[in-house]
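Notes follow once the structure below has been shown.
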Amino acid sequence: MKTQVAIIGAGPSGLLLGQLLHRQGIDNVIVERRSGEYVLSRIRAGVLEQGMVDLLREAGVDQRMDEEGLPHDGFELVFDNRRVRVALDELTGGSKVMVYGQTEVTRDLMEARAAAGATTLYEAENVQPHDLESDSPYLTFEHNGEAVRLECDYIAGCDGYHGVSRQTIPQDRIKEFEKVYPFGWLGVLSDTPPVSDELIYARHERGFSLCSMRSATRSRYYLQVPLDEKVEDWSDDRFWEELKRRLPEEVAQKLVTGPSIEKSIAPLRSYVVEPMQYGRLFLVGDAAHIVPPTGAKGLNLAASDVNTLYRLMVKVYQESRIDLIERYSQTCLKRIWKAERFSWWMTSMLHNFSDEEDFNSRMQLAELDYVTSSKAGLTTIAENYVGLPYESLE
Ligand code: APR
Ligand code: PHB
């Protein structure tokens with residue numbers, strides 16, 4: 001089997017890259033370890049920056065997003081019994097975000113790919129990249145019980161944090177940067193109307209909480225929990241009671257509770273690998289970096305990597321600009337580190353790091369009070385939240 005770009009992983013990174021390349025006539029094959037249904041069963045992020053929305057439009061998958069997505073021009077920060085609105089559009093000269101679940105983005109991209117007749121091989125086992133430093137790399141794997149060799153010009157490693165791509169790079173050719181936080185997020189999805197029209201990020205002595213949504217009838221809520229907490233120990237009742245205790249009285253009173261349709265705990269981590277390329281292999285999205293979810297940046301960073309690799313590939317194939325290949329990693333990393341900083345900062349400012357009221361908690365309150373009472377402070381939050389501009393390749 002032969003293609004121009006072999007893509008490992010059918011998450012949002014792989015599917016979006018595949019769709020954009022396909023529309024430019026660049027042939028690609030996606031090889032995914034899981035089934036399509038499994039990929040769609042994962043509940044992940046839900047806030048899209050304008051840059052990602054534009055990229056989805058360019059990929060031709062904007063119809064359902066425009067019909068069902070919820071444009072948001074602000075969100076709330078809650079701390080010290082105060083509620084402060086961050087007016088995204090006013091502070092940034094008109095930028096907004098779109099609340100539309102990653103699951104829906106993935107579904108739209110899968111359908112568009114199927115309609116375009118591009119190849120995705122699901123349930124591929126033992127995917128392995130080879131000869132990455134040569135001009136003719138290839139993948140080997142097993143599909144439907146048969147051994148397959150997929151020859152290509154380039155390989156996009158879109159296989160997430162636990163994927164094979166990054167692990168293929170010799171250890172002495174990369175450097176990893178990591179910060180692990182001493183807590184996780186317990187998330188609940190429920191078919192209940194959201195407690196507020198806008199997202200609420202709340203700092204509380206009992207721990208951080210977030211009120212988010214997927215639609216006018218579906219809510220997504222999160223609680224900061226210790227890392228050793230088990231999902232089985234969190235009945236729906238316990239979750240709702242704890243959430244109410246962490247929200248301002250008038251918000252808690254409005255909260256509509258109901259049975260959870262998904263409940264899971266995710267650890268929080270900051271991680272970056274440098275560089276994001278090795279020979280003809282490019283790492284994209286979660287394969288190269290992880291952010292804690294507090295800034296809603298994970299999915300959006302994946303989209304900005306895709307944007308960079310897509311534009312680079314178009315220049316390589318349509319203008320023979322092979323020289324640009326070496327710029328992939330440095331171009332992506334500039335924006336990634338800024339999003340890492342924002343996610344780390346929001347996490348540091350809003351979570352409970354100690355059981356006692358200590359110096360750190362006073363610093364958090366002073367910082368929240370300062371940034372929310374200063375136009376410059378609010379602008380810093382707003383312009384990072386809506387997404388910093390995409391870096392250009394040249
Ligand atoms: N072979 C083939 N496919 C693999 C392999 C492998 N060895 N390892 C992992 N995969 C697949 C996974 O099954 C998954 O479908 O790669 C895909 C990676 O998808 P994601 O983990 O969703 O990563 P990505 O596409 O980069 O999505 C961006 O940013 O912060 C997050 O929530 C956000 O999940 C989103 C991510
Ligand atoms: C979500 O809706 O899942 C969500 C929203 C905002 C975040 C993180 C997660 O910062």
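Since the structure is predicted, the reported quantities are computational estimates derived from the model, not experimental observations. Remember, it's 1-based here, ligands and their atoms both numbered in the order they're listed.
- When the heavy atoms of Arg34, Gln102, Arg33 are ranked by distance to atom 32 (O) of ligand 1, first place goes to Gln102.
- Comparing Arg214, Met213, Gln102, Met346 against atom 1 (C) of ligand 2, the shortest heavy-atom distance belongs to Arg214.
- When the options Val29, Ile155, Asn28 are evaluated for a side-chain contact (heavy atoms from CB on, under 4.5 Å) with Ile7, the one that passes is Asn28.
- Atom 2 (O) of ligand 2 has its closest protein heavy atom at Ser212 OG, 2.5 Å.
- Looking only at heavy atoms of the protein, atom 26 (O) of ligand 1 is closest to Ser13 OG, 2.7 Å.
- Residue-level proximity to ligand 2 for Ala296 is carried by backbone and side chain together, each with a heavy atom below 4.0 angstrom.
- Residue-level proximity to ligand 2 for Tyr100 is absent, since no heavy atom of it falls below 4.0 angstrom.
- Residue-ligand proximity: Lys297 is placed with every non-hydrogen atom at 4.0 Å or more from ligand 1.
- Among protein heavy atoms, the minimum distance from atom 8 (C) of ligand 2 is reached at Pro293 O, 3.3 Å.
- Side-chain contact, Trp345 with Glu367: a donor N or O sits under 3.5 Å from an acceptor N or O.
- Using a 4.0 Å cut-off between charged nitrogen and carboxylate oxygen, Lys334 and Glu391 count as a salt-bridge pair.
- Of the protein's non-hydrogen atoms, Asp159 O, 3.1 Å is the one closest to atom 9 (C) of ligand 1.
- Judged purely by distance below 3.5 Å, without hydrogens or angles, the side chains of Glu58 and Tyr310 pair a donor atom with an acceptor atom.
- Looking at Arg44, His289, His162 and measuring to atom 21 (O) of ligand 1, the nearest heavy atom belongs to Arg44.
- Every atom of ligand 2 with a heavy atom of Leu199 under 4.0 Å away is listed here by number and element: 5 (C), 6 (C).
- When non-hydrogen atoms are compared, ligand 1 lies under 4.0 Å from neither the backbone nor the side chain of Ala124.
- At a heavy-atom distance under 4.0 Å, only backbone atoms of Thr294 (N, CA, C or O) approach ligand 2.
- Ring-centre distance between Phe177 and Trp337: below the 6.0 Å cut-off.
- The pair Arg64-Glu104 meets the salt-bridge criterion, since a charged nitrogen lies less than 4.0 angstrom from a carboxylate oxygen.
- Nearest non-hydrogen protein atom to atom 29 (O) of ligand 1 is Asp286 OD1, 2.8 Å.
- When the options Tyr221, Tyr201, Tyr222 are ranked by their closest heavy atom to atom 9 (C) of ligand 2, first place goes to Tyr222.
- Close approach of ligand 2 to Val47 (heavy-atom distance below 4.0 Å) involves ligand atoms 5 (C), 6 (C).
- Asp27 has no carboxylate O lying under 4.0 Å from a charged side-chain N of Lys2, or vice versa, which leaves the two without a salt bridge.
- Between Phe353 and Phe183, the distance from one ring center to the other falls under 6.0 angstrom.
- The closest donor-acceptor contact from the side chain of Arg218 to the backbone of Leu189 lies at 3.5 Å or more, if one exists at all.
- A donor-acceptor contact shorter than 3.5 Å links the side chain of His351 to the backbone of Thr347.
- In terms of polar-atom proximity, Pro12 is counted as a contact of ligand 1, with an N or O under 3.5 Å from an N or O of the ligand.
- Using a 4.0 Å cut-off between a side-chain N of Lys or Arg and a carboxylate O of Asp or Glu, Glu242 and Arg246 qualify as a salt bridge.
- In terms of protein heavy-atom proximity, atom 17 (C) of ligand 1 is nearest to Glu32 OE1, 3.6 Å.
- Residue Phe75 places every heavy atom at 4.0 Å or more from ligand 2.
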